[in-house]
Amino acid sequence: MFSNRIYCGEINANDKDREVTVFGWIDRKRDLGGIVFLEIRDITGIIQAVFDSSVSAENAELADSVRSEFVVSVTGKIRERTPETVNPNLPTGNIEIFASDIKILNKSLVPPFPIDIRDSINEEVRLKYRFLDLRREDMREAMLKRHRMMQITRQYLSDHRFIEIETPILNKSTPEGARDFLVPSRINKGEFYALPQSPQLFKQILMISGFDRYFQIVKCFRDEDLRNDRQPEFTQIDMELSFVTPKMIMEIIEGLIKKTVKEITGKDVNYDFPVMDYDEAMSKYGTDAPDTRVGIEIRDCTDIFINSTFNVFSSALSSNGVIRGFAVEDGGRLSRKMTDDYSEYVKKFGAKGFPMFKYNDGKFEGGISKFITDDEKAKLVEKFNLKEPAVVFFSVDKEAIVNSTLAHMRMKIARDLDMVDNNKLNFLWVTDFPLIEYHEEDKRYYAVHHPFTAPLPEHAEMLDNITPETARKMKAQAYDIVLNGVEIGGGSIRISDSAIQSKLFSVIGMSDEEARTKFSFLLDALQYGAPPHGGIALGLDRIMMLLLQRGSIREVMAFPKTQKGQCMMSEAPSPVTEDQLNELSIRVVRK
RNA sequence: GGGGUUGUAGCUCAGUUGGUUAGAGUACCUGCCUGUCACGCAGGGUGCCGCGAGUUCGAGUCUCGUCAACCCCGCCA
């Protein structure tokens, strides 16, 4: 019965006079009495079928009896529409099926929300009825393009000699980094697997095994709080290569990205991805993932105000703070209300305020301008290259707060003033991340990327003599790829010198025994002829989100979870039976 | 753990200063209609105003609490 099927969206004028049968859902019905139009939808698109009661009253009556989302088969002859009845809004709008038969294959309840229009519907309802939501145009497009991206990736990487190898989902827990999802072991009572945060250790093992280029499109799991670009399970395009430099990896990734962007969006990315080191990104943009679509840059003004008598500035400077700011050439569009709101808004970043002044016709006005000396004014004009009417904002606090505040406000103001070009795709490599970071509260160092990341060769000896200050200066062979201010991937060259590896472990406060219990198999393997190697992982969901210009990665995932990690459709997570718990020797403690 | 926004018909949303019978569009149901394509026309209200307390003669509206979704900080590479 289904063997002579043709897809709705694939019928065209060349099929004229052909008798076809389509199978699909009722997208819409227009009953004009003696004539009934049905729009039939399948995975490829929509086609109109016509039922004329003067040809078959029986068929027209049956067509009239269908409702939205009924599943039908329609048989008939393809014919061209007369010019005045062509629908230019429909890809198949120049033709239609002149139906000779219709069968109702299944009925449907009235759907809880419309399938046929691109209206924004409450996400809670969409997620509960995801099976219906996925029938809608936006989701269908997202799923088809996501499939396309995975196909391109597999083809491209295979062409570049990468081999796709699966790694375990049931894994060993390592308390470094994000929280693990744990899975109790029935056979080994009291013990747990962890779901992988990434296949990091296994892909390094594969290098040692001689598979010199590995890749995998793989689910990763992190039990952390959610955001619009963060889900507890997400998909990475993970890879690892032997005998490579960062430059080689970056070239391979650029090739893949450019091909993907072309296929998914039709756009050409005809520039080499700029490379910026971490220190420059932090000083100009206050973040390691700058959105370079916005030209506003941060400038350090600490030296200008070193002798300032303005209390806000002087007290911050006396407690080791910094003063940084940026200028917005706003053409007078920033209102008093907006700047007032901003000084409230910055509090979420830990800032106490958001001092500003306006620059107009060579004069400083409003805000803190009366606390600025003529000498300071001259220096500020030069520092920010002030010419046009502009507003200059400052942040004054500890460096981390200043960076965070300015990074966020730079983007917020740009969005408020409509200064962000949504058609741009600004890719950027950020390199030379710090290798380790000192945590004030814990009084210890942490690996910024992960503890197998190699330092820059010329910085390796700094490991012998680490202080919180020198730690900031020791850089890693680590690189992130950023698109429009979102980190879409990152990786590093790994340590293959066991002396450096054990030094690094000791610096981050991990004893040999501790390292051995956590990573024993990798440390063992590294002693059996480990090739120099490195890798990278791309966030598939985030890339799709950005390329399709969707507001969250949930829009490009078939079955995402809510912010509380729940699936509205299956209602996971859920309690389990006492028997199941007993079998696992687990008791739930209720608080 | 914290801050914010939202929650009224299946869906999208309005609802004034607290005022007596809670509305619009759409969907849905019934009928009419032979070239529609967001078809049109006529008729029909299908409601736990998220939930629970409180204030009040009276609460969709005010207060407190609570739940959920979303956004953000912390957290997370």
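Here A:Gly539 lies out of heavy-atom contact (under 4.0 Å) with every strand.
For a distance-only test at 3.5 Å, the side chain of A:Arg222 fails to qualify as a donor-acceptor partner of the base of B:C76. For A:Arg230 against B:C75, a side-chain-to-base donor-acceptor contact under 3.5 Å is present.
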For nucleotides 11-13 of chain B, list the nitrogen or oxygen atoms of the protein found under 3.5 Å from its nitrogen or oxygen atoms, one pair per line.
unit_1: B:C11; atom_1: O4'; unit_2: A:Pro112; atom_2: O; d: 3.4
unit_1: B:U12; atom_1: OP1; unit_2: A:Asn122; atom_2: N; d: 2.5

Are any protein N/O atoms closer than 3.5 Å to N/O atoms in nucleotides 31-33 of chain B? If there are, list each pair with its distance.
unit_1: B:C33; atom_1: N3; unit_2: A:Asp31; atom_2: O; d: 3.1
unit_1: B:C33; atom_1: N3; unit_2: A:Gly33; atom_2: N; d: 3.4
unit_1: B:C33; atom_1: N4; unit_2: A:Asp31; atom_2: OD2; d: 3.1

Mind listing the N/O atom pairs, protein and nucleotides 24-30 of chain B, below 3.5 Å?
unit_1: B:C29; atom_1: OP1; unit_2: A:Arg67; atom_2: NE; d: 2.9

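With B:U36, B:G74, B:U34 as the choices, the nucleotide that has an atom nearest any side-chain atom of A:Ser54 turns out to be B:U34. Checking B:A77, B:A69, B:U34 against every side-chain atom of A:Lys564, the shortest atom distance belongs to B:A69.
Residues satisfying the side chain to side chain contact (heavy atoms under 4.5 Å, CB included) test with A:Asp397, not counting sequence neighbours, are A:Lys352, A:Ile401, A:Val402. Annotation: side-chain hydrogen bond (donor to acceptor under 3.5 Å, both in side chains) contacts of A:Trp25 (sequence neighbours excluded): none. Scanning for side chain to side chain contact (heavy atoms under 4.5 Å, CB included) contacts around A:Ser65 gives A:Leu62, A:Ile104, with sequence neighbours left out. With sequence neighbours excluded, the residues that form a side chain to side chain contact (heavy atoms under 4.5 Å, CB included) with A:Gln563 are A:Leu226. With sequence neighbours excluded, the residues satisfying side chain to side chain contact (heavy atoms under 4.5 Å, CB included) with A:Ala407 are A:Thr287. Considering only residues two or more places apart in sequence or on other chains, A:Lys348 meets the salt bridge (charged side-chain N to carboxylate O under 4.0 Å, His left out) condition with none of them.
With both ends at atom C1', the span from B:U26 to B:A69 equals 23 Å, rounded to whole Å.
Sorted by residue number, the members of residues 73-81 of chain A with any non-hydrogen atom under 4.0 Å from RNA chain B read A:Arg79, A:Arg81. Scanning residues 280-293 of chain A for heavy-atom distances under 4.0 Å to RNA chain B yields A:Asp288.
Every pair passing salt bridge (Lys or Arg N to Asp or Glu O under 4.0 Å) that includes a residue from residues 542-553 of chain A is listed here, sequence neighbours excluded: A:Glu141-A:Arg550, A:Asp229-A:Arg542.
No donor-acceptor distance shorter than 3.5 angstrom exists from the side chain of A:Asp288 to the backbone of A:Val430, with no hydrogens or angles considered.
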